[in-house]
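Here's the structure, in structure tokens; my notes come after.
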Amino acid sequence: MGSLFSLMLRPMARQIYALRAANERQVALDAAAAAAAEVRDRRLAALDERARPILTWIAEGRRFSADEVAVARLIEAQLRDGIRASGLDVPEVRDAAWRARQRGVRVVLLDDGGLSVLAEEEAALARERLGAAIAELLADAESGRVTVRIHPPGRETLASVGVDTDDRVALVGFTIVDIRDPSPLRDKRFAR
């Protein structure tokens, strides 16, 4: 009787484990889909907020003044940043890039996904610390070009900022050790 019970129990246990694994996979897929929908909704809301007025003016056939054309170009650059550099699409960097572009600085923001492999808290800290350092570097630039790049996963350097202005050329690299260190990142400008 015990042997018969054992023979029946083993397949049932395997089925239970298989169902549990399938359920865990489905929960993970659902969470990923919800996260993707949240990102999509956030981007659509930003697009609606930033671009709708200008798109409405275009649809109405309105003529643009030189100042309005300049603002439209800044909005286009900001929307492009949100697509090409989603890891840097935080208010501090957005505002600093806007102001630098108004001064005539060419700003290029790129995100190759290096923050995506960090734990959520560490990625948030990295965005915060990098955002502050990038904003400061952009504020210092009066002309030329500033290129900010979050590197691909697996590299020692998490992000770099290249500054090419009339009076200096510099490349500043930020590692995960720099992000974790509580000292101000702005001091790194002179370290490299």
Side-chain angles (χ1 to χ4, degrees), residues 31-32 34-54 70-142 144-165 170-189 191-192:
E38 181 185 337
V39 168
R40 185 194 68 234
D41 291 346
R42 194 171 52 239
R43 286 187 178 165
L44 284 174
L47 176 65
D48 189 48
E49 177 187 330
R50 296 176 196 163
R52 183 176 296 276
I54 289 179
V71 169
R73 287 186 175 141
L74 289 169
I75 289 171
E76 184 266 335
Q78 196 174 61
L79 292 171
R80 185 177 50 246
D81 292 343
I83 294 166
R84 292 193 316 190
S86 60
L88 296 169
D89 194 21
V90 294
E92 195 168 20
V93 174
R94 260 195 319 266
D95 295 345
W98 182 283
R99 288 189 301 273
R101 287 177 174 132
Q102 282 180 316
R103 292 190 306 273
V105 178
R106 184 157 178 237
V107 178
V108 178
L109 302 177
L110 304 166
D111 180 357
D112 290 329
L115 298 180
S116 64
V117 297
L118 299 178
E120 191 173 321
E121 287 179 14
E122 197 163 46
L125 176 64
R127 275 188 201 86
E128 178 186 324
R129 307 264 342 266
L130 284 172
I134 291 164
E136 188 171 327
L137 288 165
L138 287 169
D140 288 348
E142 294 296 326
R145 178 183 173 126
V146 176
T147 303
V148 180
R149 179 178 181 217
I150 295 177
H151 292 268
R155 296 211 180 156
E156 183 179 333
T157 302
L158 182 63
S160 60
V161 180
V163 179
D164 183 2
T165 64
L171 179 63
V172 181
F174 300 98
T175 66
I176 194 63
V177 173
D178 298 323
I179 299 301
R180 291 176 184 147
D181 183 359
S183 62
L185 286 178
R186 69 176 170 266
D187 295 342
K188 285 205 43 76
R189 283 190 291 177
R192 301 227 187 237

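Note that the structure is predicted; figures quoted are calculated from it, not measured. Along the sequence shown, residues carry numbers from 1. Values below: every heavy atom of this structure, side chains too, minus hydrogens, waters and symmetry copies.
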(Q) Under a 3.5 Å cutoff, is there a donor and acceptor pairing between the side chains of D178 and T175? (A) yes
Q | Test item: side-chain donor near acceptor, T147 and R149, under 3.5 Å | A | no
**Q.** Closest non-hydrogen atom pair, V117 against P153
**A.** CG1-CB, 3.6 Å
Q: Among L110, L79, D89, D111, find the one that has a side chain to side chain contact (heavy atoms under 4.5 Å, CB included) with R84.
A: L110
Q.
If we check side chain to side chain contact (heavy atoms under 4.5 Å, CB included) with L125, which of these qualifies: E121, R127, E122, R129?
A. R129
**Q.** Trace of the side chain to side chain contact (heavy atoms under 4.5 Å, CB included) decision for R145 with V108
**A.** CA-CA 8 Å; R145 178 183 173 126; V108 178; 3.7 Å; yes
From [X] [atom1] over to [Y] [atom2], what is the distance, rounded to the nearest 0.5 angstrom?
{"X": "I150", "Y": "S86", "atom1": "CD1", "atom2": "OG", "result": "7.5 Å"}
{"X": "S116", "Y": "L118", "atom1": "OG", "atom2": "CG", "result": "7.5 Å"}
{"X": "L138", "Y": "L109", "atom1": "CG", "atom2": "CG", "result": "7.0 Å"}
{"X": "R52", "Y": "I75", "atom1": "CZ", "atom2": "CD1", "result": "13.0 Å"}
{"X": "E92", "Y": "D95", "atom1": "CD", "atom2": "CG", "result": "8.5 Å"}
{"X": "R99", "Y": "R101", "atom1": "CZ", "atom2": "CZ", "result": "12.5 Å"}

(Q) Between W98 and V107, is the side chain to side chain contact (heavy atoms under 4.5 Å, CB included) condition met? List the steps. (A) CA-CA 9 Å; W98 182 283; V107 178; over 6 Å; no
(Q) Less than 4.5 Å apart, side chain to side chain, heavy atoms only: is that true for V172 and V163? (A) no
**Q.** Min side-chain heavy-atom separation Q102-L74 under 4.5 Å
**A.** yes
(Q) Check whether R103 reaches the backbone of A141 with its side chain - one donor and one acceptor, N or O, closer than 3.5 Å. (A) yes
(Q) According to side-chain hydrogen bond (donor to acceptor under 3.5 Å, both in side chains), who are the partners of T157, at least two apart in sequence or on a separate chain? (A) none
Q: Step by step, work out the side chain to side chain contact (heavy atoms under 4.5 Å, CB included) result for L88 and D81.
A: CA-CA 8 Å; L88 296 169; D81 292 343; over 6 Å; no
